[in-house]
Amino acid sequence: MGTVGAPNIVTDELVMTIDAGSPNSYPGSGTTIYNTAPYLDDDGYGQQRLALTADIDGASFNYGTQPSWVFDGTNDFINFGSSAFQYQNDDSFSLEVWFKPDVLAGFQHLIGITYASYRLAISGTALSFRLDSNNLIVGGGSISAGNWYQAVSTWNYLELEAVNYLNGVQVSSGTDPTADWTSQGTNFQLGNSPGENYYFDGEIAIGRVYSKTLTSTEVLQNYRALKPRFVN
């Protein structure tokens, strides 16, 4: 455990944390977002600890009381390249994102890669965690436009189980004994999946990746640590 941009954030096997509200992570201009995670992943997918150089393609920066990157739902995204976080079915991992949707319509990519491997998205007004060419889709939760949310999706390869959390509470889970995808070498992105048209319309303030399956207690810990910043 430790402190990364907020008190009591879980740092065990944290391989990426980007925070629009932290000058150490983003200085407020330019196209470089710095990864402030303290942990280096042993399998080589998390070795950009010092700096993830992002192509901030169109996303603007909000300097308000809740600093964030703003996505217009048309052509904005943040690209971390094809060497970041190429997890396979035999890797446990977790994704976390703090976001505020402006418009809820259709399918919108939040964080991850593509349907061929894994991604966390919004489908309508619900979370949608999709893995292995959509052979495993786990949806759930109720999202409203104009509100901030913490979303976490976890994959446990030992149990072949995917779980979704919204604001620290588990909202869905699913298993697939046939889940079997390999590294695709495709870009890890926020705001849209590479080569597709699933652009997010709203704001993203924080993105995190863990090379382990967060427990429900750890998910709630992260939510409580950041709740005063986002939720009145």
With rounding to the nearest 0.5 Å, note down the distance linking [atom1] in [X] to [atom2] in [Y].
X	Y	atom1	atom2	answer
Q221	S216	CD	OG	11.5 Å
N167	L220	CG	CG	10.5 Å
L104	S142	CG	OG	9.0 Å
N89	D180	CG	CG	4.5 Å
S193	R130	OG	CZ	10.5 Å
N24	N35	CG	CG	12.0 Å

Does a side-chain heavy-atom distance below 4.5 Å link [X] with [Y]?
X	Y	answer
S82	T186	no
Y210	V10	yes
I78	I33	yes
E196	R119	yes
L190	F188	yes
F230	I206	yes

Open item on the list: Using the rule given for side-chain contact (heavy atoms from CB on, under 4.5 Å), can you reason through I18 versus Y34, listing the C-alpha separation, both sets of side-chain angles and the distance that settles it, and then say yes or no?
Closed with: CA-CA 7 Å; I18 58 168; Y34 292 91; over 6 Å; no
Task: Check against side-chain contact (heavy atoms from CB on, under 4.5 Å), F107 and S123 - done: CA-CA 4 Å; F107 188 81; S123 183; 4.0 Å; yes
Task: W155 ring center near Y87 ring center (under 6.0 Å) - done: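 Centroid separation for W155 and Y87: 6.0 Å or greater.
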TODO: Apply side-chain contact (heavy atoms from CB on, under 4.5 Å) to E203 and W148, showing your working.
DONE: CA-CA 9 Å; E203 301 176 44; W148 280 101; 3.8 Å; yes
Side chain [X], main chain [Y], donor-acceptor under 3.5 Å:
X	Y	result
Y198	I122	no
Q170	V163	no
N134	I137	no
N187	P194	no
E218	T215	yes
D19	G207	no
N8	A225	no
N222	L226	no
S68	N62	no
Q86	G185	yes

Exercise: identify the closest heavy-atom pair between [X] and [Y]:
X	Y	answer
Q150	G168	OE1-N, 3.0 Å
L110	I204	O-CD1, 4.0 Å
Y26	T32	CD1-O, 3.5 Å
F129	T154	CE2-O, 3.4 Å
N197	N192	C-OD1, 3.8 Å
A145	D102	CB-O, 3.5 Å

Open item on the list: Applying a strict under-4.5 Å side-chain criterion to I, L, V, M, F, W and Y, I'd like to know whether F200 and F61 cluster together.
Closed with: yes
Task: Cluster check I9, V231: I/L/V/M/F/W/Y, side chain < 4.5 angstrom - done: yes
Which pairs of donor and acceptor atoms, one on a side chain in residues 111-118, lie under 3.5 Å apart (sequence neighbours left out)?
{"unit_1": "T114", "atom_1": "OG1", "unit_2": "A116", "atom_2": "N", "d": "3.2"}
{"unit_1": "Y118", "atom_1": "OH", "unit_2": "F85", "atom_2": "O", "d": "2.6"}

Side-chain donor-acceptor pair present, [X], [Y], cut-off under 3.5 Å:
X	Y	answer
T178	D176	yes
S153	N164	yes
W181	Q88	no

- [ ] State plainly whether the residues K212 and E13 are in salt-bridge range, i.e. N to O under 4.0 Å.
- [x]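 Looking at K212 and E13, the cut-off is not met.
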- [ ] Kindly determine whether R208 and L14 satisfy side-chain contact (heavy atoms from CB on, under 4.5 Å), including the steps that lead there.
- [x] CA-CA 7 Å; R208 293 195 182 98; L14 173 62; 4.0 Å; yes
Open item on the list: Apply ring pair (Phe, Tyr, Trp, His ring centres under 6.0 Å) to residues W98 and Y149 and explain how you reach the verdict.
Closed with: CA-CA 6 Å; W98 282 83; Y149 295 93; 9.2 Å; no
TODO: Please report the C-alpha distance between D201 and Q108 in whole Å, then the side-chain angles of each, then the deciding distance to 0.1 Å, and finally whether the side chain to side chain donor-acceptor pair (under 3.5 Å) criterion is met.
DONE: CA-CA 8 Å; D201 192 334; Q108 301 182 56; over 6 Å; no
- [ ] Just say parallel, tilted or perpendicular for the rings of F77 and Y199, cut-offs at 30° and 60°.
- [x] tilted
